[in-house]
Amino acid sequence: MTSNVIPLPTGPRSRVLIAHRRGDVRHVLRTMIETESVAVMEASDGEAALVELEYTRFDLLVLELDLPAKDGVTVMQLHRVLLAHETIRVEPPAVIVTLAPEVRGNATLIDHLRSLGVVGFIDDAPRRETAKLVEDILQARTVQAAAGKPAAA
């Protein structure tokens, strides 16, 4: 007996926003990150990223530190301020920052960004381990949400 029930796709479970000035970097990151369960949106500057954040809830932001129009830290902080004023409590997305080679080894900068809530760092020239970092962060958020605990931001 055949069934007349057609399974509908459930759609992506996680959403990632990649905000980087260089289209080639956004493309590489998108290729590494996007799967059936992860939807990726892109922005080329801080203003465009804030527009996307205004209309869509994201689980993870991958922000260039030196993003044009508004830098990555400003985007992250403005978005958190906006979320704090929502009538319904919304957990802020996790944040990964892309760093240029000249600042990648700056421990003071890394410590400062971690104190602001950045959970990971990748090079402006993404490597294969980027996909694993993103997968681990999204999986941890999913587990925490299922357990009813707030996710780390």
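Of the possible donor and acceptor atoms, one in the side chain of Asp45 sits under 3.5 Å from a partner among the backbone N and O of Glu47.
Looking only at side-chain heavy atoms (C-beta outward), Leu116 and Val95 stay at 4.5 Å or farther from each other. Val75 places a side-chain heavy atom less than 4.5 Å from the side chain of Leu53. Contact of the Val73 side chain with the Gln77 side chain is registered, since non-hydrogen atoms from C-beta on lie closer than 4.5 Å. A heavy-atom distance below 4.5 Å is found between the side chains of Phe58 and Met41. Contact check for His85 versus Val81: side-chain heavy atoms found under the 4.5 Å cut-off. When side chains are defined from C-beta on, Glu91 counts as touching Arg141, because their heavy atoms get closer than 4.5 Å. The closest side-chain heavy-atom distance from Pro101 to Asp123 is not below 4.5 Å. Between Leu65 and Leu113 the shortest side-chain heavy-atom distance falls below 4.5 Å.
Residues Met76 and Leu109 are members of one and the same hydrophobic cluster, defined by side-chain heavy-atom contacts under 4.5 angstrom among Ile, Leu, Val, Met, Phe, Trp and Tyr. A continuous path of Ile, Leu, Val, Met, Phe, Trp and Tyr side chains, each step under 4.5 Å between heavy atoms, connects Leu63 with Leu78, placing both in one hydrophobic cluster. Criterion: ILVMFWY side-chain heavy atoms under 4.5 Å apart, direct or through other members. Under it, Val103 and Val118 are part of a common hydrophobic cluster.
A distance of 3.5 Å separates CD1 of Ile96 from CD1 of Ile137, quoted to the nearest 0.5 Å. The structure places CD of Glu34 at 8.5 Å from CD of Glu42, a figure rounded to the nearest 0.5 Å. Here CZ of Arg22 is found 10.0 Å from CG of Leu29. Values are rounded to the nearest 0.5 Å. Residue Asp66 holds its CG atom at 8.5 Å from CG of Asp124, rounded to the nearest 0.5 Å. Expressed to the nearest 0.5 Å, how far CG of Leu99 lies from CG of Asn106 amounts to 9.0 Å. Interatomic distance, Ile33 CD1 to Glu135 CD, rounded to the nearest 0.5 Å: 11.5 Å.
Contact between Ile122 and Arg104 at its shortest, heavy atoms only, is N-NH1, 4.3 Å. Nearest heavy atom pair, residue Arg80 against residue Pro93, reads NH2-O, 4.2 Å. When every heavy atom of Arg57 is checked against every heavy atom of Arg15, the shortest pair comes out as O-CD, 3.3 Å. Shortest non-hydrogen contact noted between Ala94 and Val119 is CB-CG2, 4.0 Å. In terms of heavy-atom proximity, Val40 sits nearest to Arg30 at O-NH2, 2.6 Å. Closest approach of Gly46 and Ala69 over heavy atoms only: N-CB, 4.1 Å.
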Practice problem: Determine, step by step, whether His20 and Thr98 satisfy the side chain to side chain contact (heavy atoms under 4.5 Å, CB included) criterion, reporting the C-alpha distance in whole Å, the side-chain angles of both residues, the deciding distance to 0.1 Å, and the verdict. | Solution: CA-CA 8 Å; His20 200 285; Thr98 68; 3.4 Å; yes
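For Arg127, the CZ atom is loosely surrounded, since the number of other residues' heavy atoms within 6.0 Å does not exceed 12.
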